[in-house]
Amino acid sequence: MTDQSHRGAVTAKNWIVLLAMIVVASVIGIIFMLALNWFPEQGSDVAPPIDTFWDVLVIVSVPIFVAVVAMMLFSIWRWRQRPGEEDLDGPPIHGSTKLEVIWTIVPTIVIAALTTYAAILLIDIQAAPAKGTRVVNVNGGQFAWDFETQAPSGPVKSERLYLPINEPVKFNVRSKDVIHDFWVPAFRLKVDAVPGITTTYNLTPTKLGTFDVVCAELCGLGHAYMRQTVTVMTAERYAAKMAGLAKAAGTPVAAAGGGVGK
Amino acid sequence: MAAKIRQPGWYRALAYSILGVLFCLGLSTGLRAAFAVDPVYDGESVLQISLLTVPLFFLGGIGCFDYWLRWASGRTVVDDHADHGAKSWRDYFKVNTDHKVIGIQYICTSFFFMFIGGLMAMLVRAELAAPGRQFVDPNTYNGIFSVHATLLIFLFVIPVFAGIANYVLPLMIGAPDMAFPRLNALSFWMLPVAGVMMLLSFLAPGGSFAAGWTAYAPLSVDAPIGQAFFTIAVQFAGASSIATALNFLVTIITMRAPGMTFFRMPLLVWANFSTSLLVVIATPFIAASQFMVILDRALGFNFFNPAGGGDVLMYQHVFWFYSHPAVYIMMLPGFGIISEVLATRSRKPVFGYRMMAFSLLAIVLLGFTVWAHHMFVSGMSDWIRIPMMITTAIIAIPTGIKIFSWIATLWRGVLKMDTPMLFAIGFIAMFTLGGISGVMLAMVPLDIHVSDTYFIVAHIHYVLFGGSLFTIYAGIYFWFPKMTGRMFNERLGKLHFWLTFIFFNVTFAPMHLIGVQGMPRRVSDYADQFATWNLIISVASFVVGLSTLIFLYNMIISWRTGPKAGSNPWNSLTIEWQVSSPPPIFNFDAIPSVVGGPYEYGVPGAVHAVFDDAKPEPVAVAAGASADASPEETD
Ligand SMILES: [Cu+2]
Ligand SMILES: [Cu+2]
């Protein structure tokens, strides 16, 4: 017979080496995953907690994947069929109630923790805005958005979205034809524009600059090109911009903005 | 010629189909004339009625209804098994009632559509190799990815599992055939009808259906006539699925060999039992959603038109009430395959057999409670999100039980690292990743950002390619010797695995990243910041495409000239391996009696089934005798 020492019990030393490898690989994996530049810039108040939540998910997930792969690689390395073992069978182990209870309860705890975290975060994100929050009507159509808001000088409509920094805003999203989806990746939130109903979300822009507005729901031929921009500006510049737009709206031809970006 | 047209077959199918078109022409113009609609002739109206009706004429012509019609009209019917079993390759192109022939028909047809769907994926990746327009206009692009997804879901993953189970399952439970062989044949023949209809949509005025495989209203209601090809083809694919599932349920419940208690059934049988429950309960919902679309389109019912009192979100609720369970319809049979392959190739019993069976049933039950996780940003009521997040996350628990039990099955086994085993182990790793990204997607705050992005595209391909397709490859390699009597080329099999495994990951892993970074899905053009990754993804995807040719070559060459495999090359205990390869026409010359569990590897002298040569009449007895003779199981 061939040497079958490798078929002996898994020794304590084996376990230590295996666990050490899982820990090391998990640490490397987590560092690698966290070092990657996943998200676009953080443009709203909800972006930092969502990005942190992602980091938590990564830290929980990587060790699970590493453990699954490591256990399989260890099995292959240790118990691969060697020459001379063609007719050999493994030990008839049918199961272990103890193990099965463990791998039911541990994931249950992990799932319970993650869903609790997510639920608390979600309740926070979808909290109703305070009374008097600025409202922007976001209207989707094939294949462009337009944005309406109430400026001191009267209603203003534009094809570019302008927002003042650090001031809460509520979006009322509607559609003129099919379903679209109003998404600003830098803000992290999106919602479908659904014909017949008004959908909403609210947030506070926290970063000056110009960000992409993306349609995220397939809406037909021009879906890929339904990309516009949002500019977050200081309160003073915002007021000036609104006044300018309101004035321009007096003459119908000059209906604001420059279509797709500048 | 006239005689040929009277016989069931392709000539008659063609003649009947032409008749069908004329019938629809008459019906449409007749009705329009009767109700004084102008113009009397309307091409789109004729086309829509034809899509619904001509397939029935075709199915009649090819011979799916002959026996039933003759029986129903009171004429004598002969049970001479003339259309049972294949004597030459030509018999595979006829209506046949042998589950083994139907299994092969299913597998070959669905792989045919897999190659076409894969080719479309190559076109998608060619277009996306660089920003801007490369080859196709946006309308064609939307059509290509829609047909890609629709073919691979409805004409490949779902039916190929039905095909593998069709071949293997009756053998595994010791049955001479499926419970309803003629229904089985009809189920199969509805498939090419659905697939060809989907492909023909490219010829429709306005192009093929282009609203994605989800076909959300009102986009699908307003779309050109090509959309009707989707709406109606899905009805045929769905009807095929439902009929097959009923067939599996009745077969499993009533046709098990003596001694085959439920807890002695191989897990593949359990998996298909669970899948069939899902199919019969869920599939009518997608049928309903598509009937509503066709009624909206053709007759102005306003189901999904808010101006007429309709509700847009209703479509999504009904659609996902099927299409979430459909994810498990595309996964559970693969779980069964993996359990068979791992036990046989590790030479060990499946770890925690009963929990493996119960976790399948748990997934069936839970699968119906999570559909709205596809709608977290759809505008539905906010309160639904947290309950659906919790139920979705809970599914990770039975799924985790399966993954850990598979690893425990490998543990201390004698692992034979051949092609089926490589795909099985590759599957566990890839499916774990898909499961993890699935739990992430269940988490609403993250899902709001990544839904409708390439993160979803990555997740769905880790589940359906790294998951389902890997199990399909494992199953095809595993049962290839049984189906053909020959062995596949192991070196080509390994090459196929490694190329697929490596370049699958290079293709789909980066999609997680560009999705979170903000690239939406279903776009023919994208912002320049995603250009580098998209080029890498495209190049890798072409290698995945090429690797399937190695598989195809291996299958064809080995089927023709591979070395003889013998009846039981894997030294497996389950019943299908105890008969010749390929098995006799009615499967068993003697009825098997099941005397133990299916995976008693390592138990000296253990057998799953014994063949009692003393009992004649295998067909009649096995069909009537069910589990009543089974002794209590002890283990
Ligand atoms: Cu769009
Ligand atoms: Cu789902």
Side-chain angles (χ1 to χ4, degrees), chain A residues 36 38-40 50 53-54 57 61 64-65 68-69 71-72 75-76 79-81 85 88-95 99-100 103-104 107-108 111 114-115 118-119 121-122 125-126 178-179 181 185 188-192 194-197 199 212 214 216-225, chain B residues 138-139 211-212 216 218-219 222 306 312-313 346-349 351-352 355 377-379 382 385-386 389-390 393-394 396-397 400-401 403-404 407 410-417 425 428-429 432-433 436 440 443-446 448-449 452 513 516-518 520 522-525 600-603:
Chain A
L36 281 179
W38 287 93
F39 286 90
I50 289 177
F53 181 46
W54 164 266
L57 288 173
S61 303
I64 297 173
F65 178 67
V68 164
V69 172
M71 302 290 271
M72 291 197 294
S75 303
I76 295 169
W79 296 300
R80 189 179 71 250
Q81 176 196 286
E85 295 182 339
L88 191 66
D89 279 355
I93 305 166
H94 285 87
L99 268 180
E100 285 170 41
W103 67 46
T104 308
T108 307
I111 290 296
L114 289 179
T115 46
L121 180 53
L122 178 66
I125 290 170
Q126 68 186 22
V178 299
I179 303 173
D181 188 288
R188 304 291 187 274
L189 298 186
K190 67 161 76 78
V191 75
D192 282 4
V194 183
I197 60 173
T199 56
D212 293 327
V214 179
E217 181 65 53
L218 177 64
C219 53
L221 273 185
H223 169 57
Y225 304 98
Chain B
N139 193 36
Y216 274 15
L219 186 61
D222 303 338
V312 172
L313 288 183
S346 306
R347 313 307 303 162
K348 266 188 71 204
F351 193 92
M355 278 306 275
V377 299
S378 69
D382 279 345
R385 304 204 278 194
I386 289 177
M389 163 173 78
I390 294 170
I394 289 175
I397 296 163
I401 291 175
I403 290 174
F404 299 133
I407 295 173
L410 291 173
W411 201 256
R412 296 185 61 193
V414 183
L415 312 182
K416 316 213 173 209
M417 299 304 300
I425 290 174
I428 297 175
T432 303
L433 268 182
I436 288 172
M440 288 178 161
M443 302 295 146
V444 185
L446 183 69
I448 293 174
H449 177 64
D452 285 315
L513 181 62
V516 178
Q517 282 176 344
R522 295 173 165 174
V523 289
S524 55
D525 186 24
E600 299 297 317
Y601 299 105
V603 181

Counting only heavy atoms closer than 4.5 Å, note whether [X] contacts chain B via side chain, backbone, both or neither.
X        : answer
A/Val214 : side chain
A/Phe53  : side chain
A/Ile197 : side chain
A/Thr199 : side chain
A/Val68  : both

- Message: Assess the residue pair B/His449 and A/Trp54 against the criterion (side chain to side chain contact (heavy atoms under 4.5 Å, CB included)); give the C-alpha distance rounded to whole Å, side-chain angles, the decisive distance to 0.1 Å, and a yes or no.
- Response: CA-CA 11 Å; B/His449 177 64; A/Trp54 164 266; over 6 Å; no

- Item | A/Trp103 CH2 to B/Ile397 CD1 distance, which is reported to the nearest 0.5 Å |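 Interatomic distance, A/Trp103 CH2 to B/Ile397 CD1, rounded to 0.5 Å: 15.0 Å.
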
- Message: When you compare the side chain of A/Arg188 with that of B/Ile448, does any pair of heavy atoms fall below 4.5 Å?
- Response: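 No, their side chains stay 4.5 Å or more apart.
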
- B/Val414 and A/Trp79, any side-chain heavy atoms less than 4.5 Å apart: no

Quick check: closest heavy atoms across [X] and [Y], and the distance to 0.1 Å?
X        : Y        : result
B/Pro520 : A/Ala216 : CB-CA, 4.4 Å
A/Leu57  : B/Met440 : CB-CE, 3.9 Å
B/Ala393 : A/Thr115 : CB-CG2, 3.7 Å
A/Asp192 : B/Ser378 : OD2-CA, 3.5 Å
B/Met443 : A/Ala118 : SD-CB, 3.7 Å
A/Ala224 : B/Ser524 : CB-N, 3.6 Å

- Please lay out, stage by stage, how B/Arg385 and A/Gln126 fare under the test side chain to side chain donor-acceptor pair (under 3.5 Å). CA-CA 11 Å; B/Arg385 304 204 278 194; A/Gln126 68 186 22; 2.6 Å; yes

- Task: Applying side chain to side chain contact (heavy atoms under 4.5 Å, CB included), run through B/Ile407 and A/Met72 and close with a yes or a no.
- Result: CA-CA 6 Å; B/Ile407 295 173; A/Met72 291 197 294; 4.0 Å; yes

- Tell me, with the steps shown, if B/Trp411 and A/Ile93 meet side chain to side chain contact (heavy atoms under 4.5 Å, CB included). CA-CA 10 Å; B/Trp411 201 256; A/Ile93 305 166; over 6 Å; no

- Partners passing side chain to side chain contact (heavy atoms under 4.5 Å, CB included) against A/Ile125 (at least two apart in sequence or in another chain):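 Scan of A/Ile125 (side chain to side chain contact (heavy atoms under 4.5 Å, CB included), adjacent residues dropped) gives A/Val46, A/Ile50, A/Leu121, A/Leu189, B/Pro445.
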
